[in-house]
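Comments concern the structure below.
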There are 2 protein chains.
Amino acid sequence: MAKNSAVSMAASNLESVSSSASGQPAPRKSAGPRAAARRANEKRILAAAEEVFALAGFTGATTAAIARRASLPKANVHYYFRTKKALYRSLLNNILDLWLNEADSITEDADPAEALSAYVRAKVAYSQNRPFASKVFANEVVHGGSQIRDYLENQLKARVDGKVSIIRRWIAEGRMSPVDPYHLFFSIWAATQTYADFECQAAAVLGKDKLTAGDYRKAADHVEAMILKSCGLEPGGAAGS
Amino acid sequence: MAKNSAVSMAASNLESVSSSASGQPAPRKSAGPRAAARRANEKRILAAAEEVFALAGFTGATTAAIARRASLPKANVHYYFRTKKALYRSLLNNILDLWLNEADSITEDADPAEALSAYVRAKVAYSQNRPFASKVFANEVVHGGSQIRDYLENQLKARVDGKVSIIRRWIAEGRMSPVDPYHLFFSIWAATQTYADFECQAAAVLGKDKLTAGDYRKAADHVEAMILKSCGLEPGGAAGS
DNA sequence: GTCTATACATGGATAGAC
DNA sequence: GTCTATCCATGTATAGAC
């Protein structure tokens, strides 16, 4: 099936990030009523795609379903994003940008407890507010991440390595217990994202249809406490043993 | 609109769980050389399917790919499992059985630290030894779990509720710190399964192709320590505050 | 029971009218 | 830029010879 899959086109970094991330008609620069309409339509399609890809995965999602969800004829979707894969990759790029900036609270001179607490809470909030984005990312990674290999190995690794250095310094300075910083991140990601990616399982076990705002509050409290304790930190911001 | 997209196929509950869970030819009972060959072939197909479904998801997996991986002609796969969905559901049933029995170490009279430690280690070992099974399950849940709703809401919930009662008692008896038992399980599942489901992300961040035995050892140590600390427990088995 | 050839449906992508 | 009609590849499932 895969033929020359995906990874191949990893190189072609399309126009970096934001704006009109896909098509080829590429109008002048970015202003004007036409460009505005284009951006609006792209946004609509991307929002629809986020939901459909999250629910059905890449192959399970159909352009027809995405078009329907965006209230557009199927051909329009192909007009703005020439192929299904191009649309998928645009969507992934948007999602990865969100991912990268979530750990901003972890800085050299921050208080460890406050920084980790803020990070955990931001991640839980993300699971609550952008469950579809989280699921698209999860789906991609579970299936081997061929479309985001470059991102994982370079941008994400670099970002995480930076945060790991900070945590190592905190440990060296005795501001928190010695824990493996990489695995600490793996645990934070897993424990927080599970409320988006595995929501239906958590909800079923709790005997409800879907998680409530109260559940997310409890989730944030629980994960925060777990992470802080595992680092020998107290919620207030003081360092323990 | 949204005719009966993917999600709809939840209703058809097939034969409950165990044995040869699929075909319709259904020979006599279970003995004889024919039956043995049948079981062997079914096993081969299921093993191949586990890998293919894990890598590509339900819709992304093709019967041709499964047949190829099992070194059988495509028609044989359909002979043993009439439809792709029947094969998928058989596979899921096998996987769910594994899932249910993993928490066996958590019993009324066990030592909390030892019981939780054993559970965490069993889960990490499962991620290491059966990554494809874990991914198939993860994929199903991420996509809404329509094929396993009944399992999640009944069997799994009942099993977890039982374990939750035990943990509540441990807390009441002062044998561990007060934590929300449900969220404790969510964290354990997430933090351990991430080493199978999100392996490629962890590997990329660690700068390698795939996780090594040493990584899994570190992972188990890390998650064990985190869970025990979050419950106010010491690795040895003694209870802390 | 095994396998080759094939029927039939779905879905990605495009042509070409508006 | 928008949309309808259509092309064509892929993939599930089966018929029917061995």
Side-chain angles (χ1 to χ4, degrees), chain A residues 1-6 20 22-28 32-45 48-49 52-53 55-91, chain B residues 1-6 8-9 12 20 22-28 32-45 48-49 52-53 55-90:
Chain A
M1 46 164 145
K3 202 185 297 194
N4 59 358
S5 70
S20 62
S22 70
Q24 55 180 27
R28 272 152 286 146
R34 283 289 175 77
R38 165 168 286 273
R39 272 194 305 277
N41 276 331
E42 282 175 353
K43 202 171 160 187
R44 261 174 77 165
I45 295 169
V52 175
F53 280 124
L55 226 48
F58 178 75
T59 40
T62 66
T63 54
I66 294 170
R68 206 182 316 130
R69 176 90 44 177
S71 302
L72 286 174
K74 192 172 63 164
N76 283 30
V77 172
H78 279 98
Y79 174 73
Y80 285 104
F81 300 87
R82 217 170 63 77
T83 66
K84 179 180 163 183
K85 201 187 302 185
L87 169 55
Y88 181 63
R89 294 190 62 113
S90 274
L91 177 60
Chain B
M1 47 155 148
K3 209 185 305 195
N4 51 0
S5 63
S8 64
M9 49 179 176
S12 65
S20 66
S22 70
Q24 54 180 25
R28 273 153 285 147
R34 284 288 177 77
R38 163 169 287 273
R39 272 194 305 277
N41 276 331
E42 282 175 353
K43 203 173 160 185
R44 260 175 76 165
I45 295 169
V52 174
F53 280 125
L55 226 47
F58 177 76
T59 40
T62 65
T63 54
I66 294 169
R68 205 180 321 128
R69 177 89 47 176
S71 303
L72 286 174
K74 194 171 59 164
N76 284 29
V77 172
H78 279 99
Y79 174 74
Y80 285 104
F81 298 88
R82 217 169 63 76
T83 67
K84 179 181 164 182
K85 200 191 300 187
L87 169 55
Y88 182 63
R89 295 191 61 114
S90 273

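Remember, predicted model here, so these are calculated numbers, not experimental data. Residue numbering restarts at 1 for every chain, and letters A, B, ... go by the order of the sequence lines. Side chains included, hydrogens not; waters and symmetry mates left out as well; all remaining heavy atoms used.
To the nearest 0.5 angstrom, A:Ile66 atom CD1 is 11.0 Å from A:Tyr88 atom OH. For the atom pair CZ (A:Phe58) and NZ (A:Lys84), the distance works out to 5.0 Å, reported to the nearest 0.5 Å. Rounding to the nearest 0.5 Å places CG of A:Leu72 at 8.0 Å from OH of A:Tyr80.
Of all heavy-atom pairs between B:Ile45 and B:Asn76, the closest is CD1-O, 4.3 Å. What you find for B:Ala67 and B:Lys74 is that their closest heavy atoms are CB-CA, 3.6 Å. Of all heavy-atom pairs between B:Leu87 and B:Phe53, the closest is CG-CE1, 4.3 Å. Shortest non-hydrogen contact noted between B:Ala56 and B:Ala61 is CB-N, 3.6 Å.
Counting to the nearest Å, the C1' atom of D:dC3 and the CG atom of A:Asn76 are 7 Å from each other. Counting to the nearest Å, the P atom of D:dC3 and the CZ atom of A:Arg68 are 16 Å from each other. Spacing between atom CZ of B:Arg44 and atom C1' of C:dG1 amounts to 14 Å, rounded to whole angstrom units.
Within the structure, a side-chain polar atom (N or O) of B:Tyr80 is placed less than 4.0 Å from OP1 or OP2 of C:dT2.
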In 5'-to-3' order, the base (B), backbone-only (S) or no-contact (-) status of each nucleotide in nucleotides 12-18 of chain C, using a 4.0 angstrom heavy-atom cut-off, is BBB----
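Where the helix from C:dG1-D:dC18 to C:dC18-D:dG1 starts and where it ends, the local axes point in directions that differ by 10°; five pairs per end, rounded to 10°.
Residues passing the salt bridge (charged side-chain N to carboxylate O under 4.0 Å, His left out) test with A:Arg44, sequence neighbours excluded: none.
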